[in-house]
Amino acid sequence: MVEGHLENPHDRFFKDLLGRPGVAADFLANYLPPELLAHLDVTDPEALSGTFVDDDLREHLSDALFRVRDRTGAAALVYVLLEHKSTPWPWTPLQLLRYVVAIWEQARREGHTSLPVIIPVVFYHGQTRWNVATDVAGLVAHHDEPVLRAWTPSFRYWLCDLSRFSPEVIKGGALLRAGLSVLRYVFTDELPERLREIFQLIALLEQQSVTEYLGTVLRYLAATGTPLRWQTVKTAAREALKEQAEALMKAPFVTEIWQEALGQGLEQGREQGHAQGSEHGKRLEALHIVLRQLRRRVGPLPHELESTLTTFPLETLEALSEALLDFQTQEEALAWVQQAQRQTPPRTE
């Protein structure tokens, strides 16, 4: 079975983390091998789109691709390819080699007379030990026989195995350490006791970022099916965020993120709707369905968009549940919501 479909929550969380200002540079500076850092300038990596990936590869890759310069000042560029994995996959070397060849083919078509250096980095945070080959030669039968060694391709990747890191080894700024700590402990029994440390790191961010990234972390944890109890989350938040905690934990978008992703919100909405016959219960059920459908359709939603949806009455949410089937982009969803917001009177409950 091929691992690493683009839609899994680990991929989304990792790519979201690297896409935040300064985080990619922070990651490369702290986790590339020292001998590479002595040669590369990673202070301002340029994020590149996945345009090198063909349709077949796109199904299997969840990469982040960056271009950095070397420290000699030469015009040649070095590509750093980061591939996220949450389970070991034996064919990883071949997968990455195909990606590298796709980039080289693009360079050839563009008329380059030499090919760029590409440094593949696999970022791993799964439960089991990474026990697969880190060189394509390890996939080739009889590759150790001296007479055949010269005919065996040599291509390797650098493995960053987060699952083997202790807390003090996780380096970088507050945002990078918070995100990596979440990934480090999401599969472990240690997660509940590590939450306070993670929230303390989030508390070091700017005020606006605290609210936004807390929502991102909670959405990720809930989407992974972690057995965390909501009371555990609230307790860790109170201890780490102190005076900010109460307001944040009571914010509708925070509780609804958690409830919706765990399926609790939908279940509670049904219970409220059937037991009480209330309009609120029906509206809550519709809200959670719409949030789930929108995320599957266009990906992670901005906090502002989710907050707006919580103000919509039942009939608007029902209309959106039909309209979203035609959405192709997040911009289309936002345009529909903005138009509906102008036409929808304030909800009173």
Side-chain angles (χ1 to χ4, degrees), residues 9 12-13 16 199 202 205 207-224 226 228-231 233-234 237-238 241 244-327 329-349:
R12 288 199 301 268
F13 185 76
D16 172 86
F199 289 167
I202 294 176
L205 307 178
Q207 179 59 44
Q208 184 178 0
S209 298
V210 170
T211 304
E212 188 274 333
Y213 200 61
L214 177 66
T216 297
V217 168
L218 292 180
R219 183 182 295 111
Y220 167 65
L221 292 177
T224 60
T226 174
L228 273 177
R229 298 175 62 87
W230 182 236
Q231 186 58 46
V233 175
K234 290 194 293 184
R238 290 193 189 101
L241 302 172
Q244 303 177 65
E246 286 302 321
L248 286 173
M249 290 297 101
K250 291 178 180 178
F253 90 96
V254 171
T255 56
E256 287 172 357
I257 283 171
W258 189 258
Q259 292 171 345
E260 186 275 336
L262 287 178
Q264 294 175 350
L266 181 58
E267 181 179 338
Q268 290 171 0
R270 284 177 177 154
E271 290 174 355
Q272 291 173 1
H274 293 313
Q276 303 172 12
S278 68
E279 187 73 10
H280 173 70
K282 296 176 184 177
R283 194 194 69 82
L284 183 61
E285 178 178 352
L287 173 63
H288 293 310
I289 291 173
V290 164
L291 284 170
R292 182 184 296 113
Q293 289 177 330
L294 272 176
R295 292 185 191 119
R296 289 178 178 174
R297 192 72 183 166
V298 301
L301 304 176
H303 162 49
E304 295 79 6
L305 179 58
E306 293 191 354
S307 295
T308 300
L309 292 180
T310 65
T311 68
F312 281 176
L314 176 60
E315 57 270 22
T316 305
L317 293 170
E318 289 177 338
L320 177 56
S321 70
E322 295 183 9
L324 64 82
L325 298 177
D326 294 323
F327 296 164
T329 66
Q330 195 175 97
E331 288 71 22
E332 290 177 327
L334 183 59
W336 192 100
V337 169
Q338 289 173 339
Q339 181 178 1
Q341 190 177 23
R342 290 191 292 268
Q343 300 173 348
T344 302
R347 178 173 57 89
T348 58
E349 289 186 356

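Side chains are part of it too, since the values below use all heavy atoms of this structure and drop only hydrogens, waters and symmetry mates.
Applying the side chain to side chain contact (heavy atoms under 4.5 Å, CB included) rule to A319 yields the partners W336; only residues at least two apart in sequence or on another chain are considered. In this structure, the side chain to side chain contact (heavy atoms under 4.5 Å, CB included) partners of Q338, at least two apart in sequence or on a different chain, are L334, R342.
Between S209 and L205, the shortest heavy-atom distance links the atoms CB-CB, 3.9 Å.
With contacts defined as side-chain heavy-atom distances shorter than 4.5 Å, the pair V337/F312 qualifies. No side-chain heavy atom of L221 sits less than 4.5 Å from a side-chain heavy atom of F13. With contacts defined as side-chain heavy-atom distances shorter than 4.5 Å, the pair Y220/T216 does not qualify. Residues L309 and L294 have side chains in contact (heavy-atom distance under 4.5 Å, counting atoms from C-beta outward). Side-chain contact between V298 and T329: absent, with no pair of heavy atoms (C-beta onward) separated by less than 4.5 Å. No side-chain heavy atom of L218 sits under 4.5 Å from any side-chain heavy atom of Y213. Side-chain contact between P9 and R12 is present, with heavy atoms from C-beta onward closer than 4.5 Å.
Here L291 contributes atom CG and R219 contributes atom CZ; the two are 8.5 Å apart, rounded to the nearest 0.5 Å.
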